[in-house]
Amino acid sequence: MNSTAVLVDKDLRIAVVGLGYIGLPTAAILAAQGVEVVGVDINPDTVAAVNAGEPPFVEPDLATYVSGAVQRGLLSASTEMPHADVYIVAVPTPFLDDHAPDLSYIKAAGEAIAPQLRGGELVILESTSPPGATQKLADWIFAARPDLVGSDAAPEFAHCPERVLPGKVMVELVENDRIVGGLTPRASKRACEVYAIFCNGQLLTTDAMTAEMAKLVENSFRDVNIAFANELSLICDRLGIDVWELIELANHHPRVNILQPGPGVGGHCIAVDPWFIVDAAPDLTKVIRSARDVNDGKPQWVLEKVLRSVDGSETPVVAALGLAFKPDIDDLRESPARRIAGELADQLPGGRILVVEPHIDGLPAELANRRNVELVDIDRALAEADLAVLLVDHTAFKGLRPAIPFVDTRGIWK
Ligand SMILES: NC(=O)c1ccc[n+]([C@@H]2O[C@H](COP(=O)([O-])OP(=O)(O)OC[C@H]3O[C@@H](n4cnc5c(N)ncnc54)[C@H](O)[C@@H]3O)[C@@H](O)[C@H]2O)c1
């Protein structure tokens, strides 16, 4: 808890390794508290943008924090790893083709940190990580610095996963409770002191492996619940029941809270993190794995439903509404809507796909390269299309009542 934390020495120098959606806001908010922060990134464009006080991506209030911290001389960025008292590692953790976690970014960060260590540093892993990754990071660093093994000057290690919501990062960084898991209790305590600099939420200490699992479990819980809703949507479609009405009614039970079905699960967290648990215990993860399969199978089901609806037309025109992986953002990463739009274009070579995505100015390359796909505004799409498929429940689509037949994967046109 914050209240038990020892006041941290603000003369600390903190290096944040990886200046993406997580690392840069963390660096900026630490610097806003008067701490000297060096951001490290392998991408020179990112480093140049931060040093110019301009974040390379959009997140509300982030630009104000970054430009203010850079102007005060508290935040700078570099492609070179500096010496620091505390290292916070926030590099990507994608999965490989077989869904095994790819820890190569964490390893590379550790190998860059190792030569800089002078003794007594704290290394915090913030990247979403499979169980055991913090220990692996320590092992990689000690392998590069055998002189530090077992010495009083050995660095200490902790895992502190991040749960911020894109679009509310600068608020949630401060307000959210955090789980802090050290490889030793002393490492947990030291990491808590770092987070107490800016975090008003509770700082809940545990061991590193439990902290790693906690983050994965949170996202798997949501994935399993969404898979349940998606499975219900298939059953209801066959039985002629409105799944959204059904879920709304069931959720009146005081202990039931079913999430909403959709076209599939996208993004870089919920669709990724459960695989790290599956990889850690493949023989024991029947539910978690099935949930992934159900959610990954939903785009194909939507595709087939649309194809059946336009069957018989040589030149169907389909309006595909939304490409983002969730409402009211411009992030298309791992988006099922994007996959469905591409598949529709391939399966309907004589037709046209009119994509409406109010949050982007141009189609991603794989859609732009298809000659039968066009990015258009909503009025034109609904005027020209034979059928609309609603893929993302953007606010901009909510008040519509299309006069043409439609497939609504989010239940907003009831
Ligand atoms: N974005 C989110 O909403 C979110 C939420 C919770 C957790 N996470 C987790 O946080 C971690 C970071 O995610 P992100 O969204 O910030 O990723 P990102 O892709 O936005 O940023 C990662 C940054 O790390 C840099 N990088 C890669 N290898 C490096 C290295 N060896 N040294 C220095 N920099 C390096 C990249 O150039 C990039 O700028 C991931 O593990 C992710 O799962 C993300």
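What you see is a predicted model, and the numbers here were worked out from it, not measured in a lab. In each ligand, atom 1 is the first atom listed, and ligand 1 is the first ligand listed.
- Listed by first then second residue, pairs satisfying salt bridge (Lys or Arg N to Asp or Glu O under 4.0 Å) with a partner in residues 293-307 read Asp237-Lys305, Arg289-Asp293, Arg292-Asp296, not counting sequence neighbours.
- Sorted by first and then second residue, the side-chain hydrogen bond (donor to acceptor under 3.5 Å, both in side chains) pairs with a member in residues 54-68 form an empty list; sequence neighbours excluded.
- Between Phe325 and His268, some side-chain heavy-atom pair lies under the 4.5 Å cut-off.
- In this structure, the side chain of Ser188 does not engage the main chain of Thr205 through any donor-acceptor pair within 3.5 Å.
- Thr134 and Glu212 share a donor-acceptor pair across their side chains, judged by distance under 3.5 Å alone.
- Closer than 4.0 angstrom to ligand 1 by heavy atom are Val17, Gly18, Leu19, Gly20, Tyr21, Ile22, Val40, Asp41, Ile42, Asn43, Ala90, Val91, Pro92, Thr93, Tyr105, Ala108, Ala109, Ser127, Thr128, Glu162, Pro166, Lys215, His268, Cys269, sorted by chain and number.
- Contacts classified as ring pair (Phe, Tyr, Trp, His ring centres under 6.0 Å) and involving residues 19-64 (residues at least two apart or in different chains) are given here: Tyr21-Phe57.
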